[in-house]
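Quick note on labels: first sequence line is chain A, next is B, and so on, each numbered from 1.
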Amino acid sequence: MAECCFRPHERLRDFNQYQQVKRAGKRVRTPHFGVNFLTNGLPHHRLGLIVQKRFWNAVNRNRIKRRVREWFRLHKETIPLPGKDIVIIARQGAERLSSTEVTRELIRVFAKQDGRSS
RNA sequence: GGAGCAGGGCAAAUGAUCGCUGAUCCUUUCCUUUCGAGGAAAGGGUGGGAGGAAAGUCCGGGCUCCGCAGGGCAUGGUGCUGGGUAACGCCCAGUCUCGGCGACGAGGAGGAAAGCGCAACAGAAAGCAGACCGCCACGCCUCGGCGUGGUAAGGGUGAAACGGUGAGGUAAGAGCUCACCAGUCUCGGUGGUGACAUCGAGAGCUAGGCAAACCCCACCCGGAGCAAAACCGAAUAGGAGAGCGUUUGAGGGCUGCCCGUCCGAGCUCUCGGGUUGGUUGCUUGAUCCCAUCGGUAACGGUGGGACUAGAGGAAUGAUCAUUGCCUCAGCCUCUCUUCGGGGGAGGAUGAGGAACAGAACCCGGCUUAUGACCUGCUCCAAAU
RNA sequence: GCCCCCGUAGCUCAGGCGGAUAGAGCACAAGAUUCCUAAUCUUGGUGCCACAGGUUCGAGUCCUGUCGGGGGCA
């Protein structure tokens with residue numbers, strides 16, 4: 001598996017998977033995102049995105065999704081194993097962040113988790 | 001130079017690295033096999049990959065199903081004329097009215113002498129005439145006025161008050177009479193396919209507004225919508241309750257109702273339960289570009305060329321560099337001058353900005369959001 | 001994607017199709033009753049009728065366009 005790609009099997013595709021992660025997973029809040037994650041028993045991580053329709057138009061929704069996917073693609077090896085299902089919920093103000101700001105904010109989340117668990 | 005009007009195309013470009021999507025070709029591995037092959041995963045190569053509005057879903061179609069849908073009514077829509085078109089509420093050309101000094105723009109622009117209606121407050125009176133203050137005549141009188149009659153010029157109210165100006169006329173007045181103007185109706189001539197324009201004659205002196213509330217007239221319209229629909233596969237089950245009915249016909253299809261017609265022995269509703277996968281539809285089409293012909297134009301004919309997204313929890317991105325555009329800041333050079341300074345042009349540096357916005361079956365429009373530019377024209381100012 | 005519905009006082013809604021006064025209940029404020037509160041009674045304030053344009057003498061209402069909210073589908 002290449003280190004920096006984003007394949008369909010790394011996505012959450014089912015509504016039930018989203019519900020399971022949101023119900024049973026851990027929750028972390030950052031200023032612009034809500035992050036839920038749950039160990040899935042697979043050797044890789046999986047990503048799911050929730051961007052509500054009521055806050056943005058379609059262009060800003062796509063922009064947020066692309067930037068979060070860019071973070072996952074480039075920095076997923078920094079997320080500690082075992083494999084996790086991650087659901088990221090965008091909050092208001094996220095459309096004003098640049099790509100580097102998104103990356104900085106989300107890296108900090110999993111760096112904290114790494115330090116706490118080890 | 002300032003203000004404005006109309007039209008047109010574009011949606012910063014190039015390169016590098018990483019990444020996404022589906023098409024096609026090759027390699028490897030695994031599975032199935034009717035030995036032709038098919039499917040899945042990974043890697044690599046090649047050439048594609050959002051818009052002028054993709055938006056709002058406001059109209060019109062194609063397409064699919066409803067037994068290819070017949071007649072009438074209701075509802076709904078359109079509403080100057082003539083063209084264009086698959087069709088339209090769209091577009092083009094024209095007429096009339098209104099707005100603007102002008103370039104030009106806007107118009108839901110049939111009918112109120114078919115009917116039912118409406119007009120608060122104010123005002124005497126709000127639709128058919130009528131008379132509050134007035135004006136005039138006569139009578140009475142305590143000479144302030146009062147009564148009867150005639151008037152509608154003037155005042156006042158209102159969004160709107162029953163033609164306007166002048167002259168004659170009269171007790172005072174009045175289309176009462178006349179001249180001109182505006183407007184209505186009828187007839188005729190000319191131009192135009194037509195809306196209409198224009199000219200002449202006559203009638204008659206007023207006929208008001210609102211149909212974007214009902215209505216009348218003319219024309220148009222079957223319904224739903226790709227979550228339409230077709231096929232494959234899986235799963236659960238023929239459950240419980242209520243209502244109606246089996247030829248005297250329940251119920252259903254042709255939206256709402258009626259007629260007509262067809263199917264017809266079970267149908268409808270509620271509760272409960274199960275799936276909630278895959279393929280097709282899915283992009284070659286009223287398509288785009290160029291030339292030419294017809295037409296004022298919208299558009300149409302002919303010939304040649306091109307293939308230009310097809311996702312499905314939803315693909316076009318991120319970073320860096322260079323060039324170009326705009327704004328701001330100070331610096332340098334040139335030029336004009338009313339010499340306090342100001343205006344214009346060019347150069348380099350730094351910082352910031354680059355809009356509106358994302359296909360979801362596909363087209364033709366409309367509306368709304370929005371960036372910088374180009375072309376033509378009008379008015380004003382200055383100069384000649 | 002497609003098809004519908006609704007925006008009126010702080011809240012829930014009438015009024016709207018037939019045009020000229022903006023209303024009801026709860027809530028809020030003041031007063032009375034009460035030793036005080038609750039309850040009751042009396043009085044009152046409260047609205048750019050979602051926004052913009054048009055028709056009209058005059059739009060909450062009629063017409064058109066935006067904005068916001070809600071619902072349904074195999």
Side-chain angles (χ1 to χ4, degrees):
Chain A
M1 188 171 74
E3 285 299 323
C4 40
C5 43
F6 184 54
R7 283 282 159 190
H9 67 272
E10 296 183 310
R11 292 182 194 172
L12 288 177
R13 302 181 70 89
D14 226 335
F15 180 74
N16 292 327
Q17 293 173 346
Y18 277 86
Q19 285 298 314
Q20 203 176 351
V21 173
K22 285 180 72 176
R23 209 173 289 147
K26 278 188 166 182
R27 296 183 182 183
V28 179
R29 284 171 75 115
T30 71
H32 300 95
F33 297 99
V35 182
N36 296 0
F37 58 94
L38 179 69
T39 307
N40 60 0
L42 295 171
H44 53 81
H45 307 294
R46 294 191 297 183
L47 180 68
L49 290 166
I50 297 177
V51 182
Q52 284 193 29
K53 206 173 183 179
R54 51 185 297 202
F55 293 142
W56 303 284
N57 56 18
V59 173
N60 283 324
R61 284 201 299 272
N62 278 339
R63 196 172 288 157
I64 292 165
K65 286 193 238 178
R66 280 171 189 149
R67 283 174 178 162
V68 175
R69 275 193 212 119
E70 191 72 14
W71 155 78
F72 183 76
R73 190 172 67 77
L74 293 173
H75 300 94
K76 65 187 173 187
E77 68 272 10
T78 66
I79 302 170
L81 289 168
K84 293 180 176 63
D85 285 344
I86 302 164
V87 172
I88 292 181
I89 303 165
R91 300 171 62 195
Q92 270 183 302
E95 79 278 2
R96 284 191 289 271
L97 294 181
S98 72
S99 186
T100 56
E101 286 171 320
V102 170
T103 305
R104 200 180 307 141
E105 190 167 325
L106 291 173
I107 278 179
R108 200 174 298 142
V109 172
F110 286 96
K112 250 186 223 168
Q113 290 301 313
D114 198 14
R116 196 181 291 170
S117 63
S118 59

Across all strands, who's sitting opposite [N] as a Watson-Crick or G-U wobble pair, both distances under 3.5 Å?
{"N": "A351(B)", "result": "U327(B)"}
{"N": "G53(C)", "result": "C63(C)"}
{"N": "C17(C)", "result": "none"}
{"N": "G144(B)", "result": "none"}
{"N": "U184(B)", "result": "A203(B)"}
{"N": "A119(B)", "result": "none"}
{"N": "G7(B)", "result": "C374(B)"}
{"N": "A29(C)", "result": "U43(C)"}

What interatomic distance, in whole Å, is found between [atom1] of [M] and the corresponding atom of [N]?
{"N": "A229(B)", "M": "C3(C)", "atom1": "P", "result": "16 Å"}
{"N": "C68(B)", "M": "C282(B)", "atom1": "P", "result": "23 Å"}
{"N": "C92(B)", "M": "C257(B)", "atom1": "P", "result": "44 Å"}
{"N": "G25(C)", "M": "C63(C)", "atom1": "P", "result": "32 Å"}
{"N": "U12(C)", "M": "G71(C)", "atom1": "P", "result": "16 Å"}
{"N": "G94(B)", "M": "G189(B)", "atom1": "C1'", "result": "25 Å"}
{"N": "C217(B)", "M": "A114(B)", "atom1": "P", "result": "13 Å"}
{"N": "G56(B)", "M": "G51(B)", "atom1": "C1'", "result": "15 Å"}

[X] [atom1] to [Y] [atom2] distance, which is reported to the nearest 0.5 Å:
{"X": "Arg46(A)", "Y": "Asp85(A)", "atom1": "CZ", "atom2": "CG", "result": "4.0 Å"}
{"X": "Trp71(A)", "Y": "Glu105(A)", "atom1": "CH2", "atom2": "CD", "result": "11.0 Å"}
{"X": "Leu106(A)", "Y": "Thr30(A)", "atom1": "CG", "atom2": "OG1", "result": "6.5 Å"}

How many whole angstroms separate atom [atom1] of [X] from atom [atom2] of [N]?
{"X": "Arg69(A)", "N": "G317(B)", "atom1": "CZ", "atom2": "P", "result": "13 Å"}
{"X": "Arg61(A)", "N": "G358(B)", "atom1": "CZ", "atom2": "P", "result": "8 Å"}
{"X": "Arg63(A)", "N": "A355(B)", "atom1": "CZ", "atom2": "C1'", "result": "12 Å"}
{"X": "Glu70(A)", "N": "G317(B)", "atom1": "CD", "atom2": "P", "result": "12 Å"}
{"X": "Lys65(A)", "N": "A311(B)", "atom1": "NZ", "atom2": "P", "result": "17 Å"}
{"X": "Arg73(A)", "N": "U21(B)", "atom1": "CZ", "atom2": "P", "result": "12 Å"}
{"X": "Asn57(A)", "N": "G68(C)", "atom1": "CG", "atom2": "P", "result": "11 Å"}
{"X": "Arg66(A)", "N": "A357(B)", "atom1": "CZ", "atom2": "C1'", "result": "12 Å"}

If you pin Thr100(A) and Ile50(A) to their nearest nucleotides in RNA chain B, which one's is more 5'?
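Result of the comparison: Ile50(A).
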Along RNA chain B (nearest heavy atom to each residue), the more 5'-positioned of Asn62(A) and Leu49(A)
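In this pair, the answer is Leu49(A).
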As a test of the definition: with a 90° window around 0 for syn, would you call G175(B) syn or anti?
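That one's syn.
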Evaluate the salt bridge (Lys or Arg N to Asp or Glu O under 4.0 Å) criterion for residues Arg67(A) and Glu70(A): first the C-alpha distance (whole Å), next the side-chain angles of each, then the deciding distance (0.1 Å), finally the verdict.
CA-CA 5 Å; Arg67(A) 283 174 178 162; Glu70(A) 191 72 14; over 6 Å; no
Option from Val51(A), Ile88(A), Ile50(A), Asn60(A) for which side chain to side chain contact (heavy atoms under 4.5 Å, CB included) with Lys65(A) holds
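Going through Val51(A), Ile88(A), Ile50(A), Asn60(A) one by one, the side chain to side chain contact (heavy atoms under 4.5 Å, CB included) with Lys65(A) is satisfied by Val51(A) alone.
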Regarding Asn60(A), tell me which of base, sugar-phosphate or nothing describes its non-hydrogen contacts under 4.0 Å with the strands shown.
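Answer is nothing: Asn60(A) stays at 4.0 Å or more from every strand.
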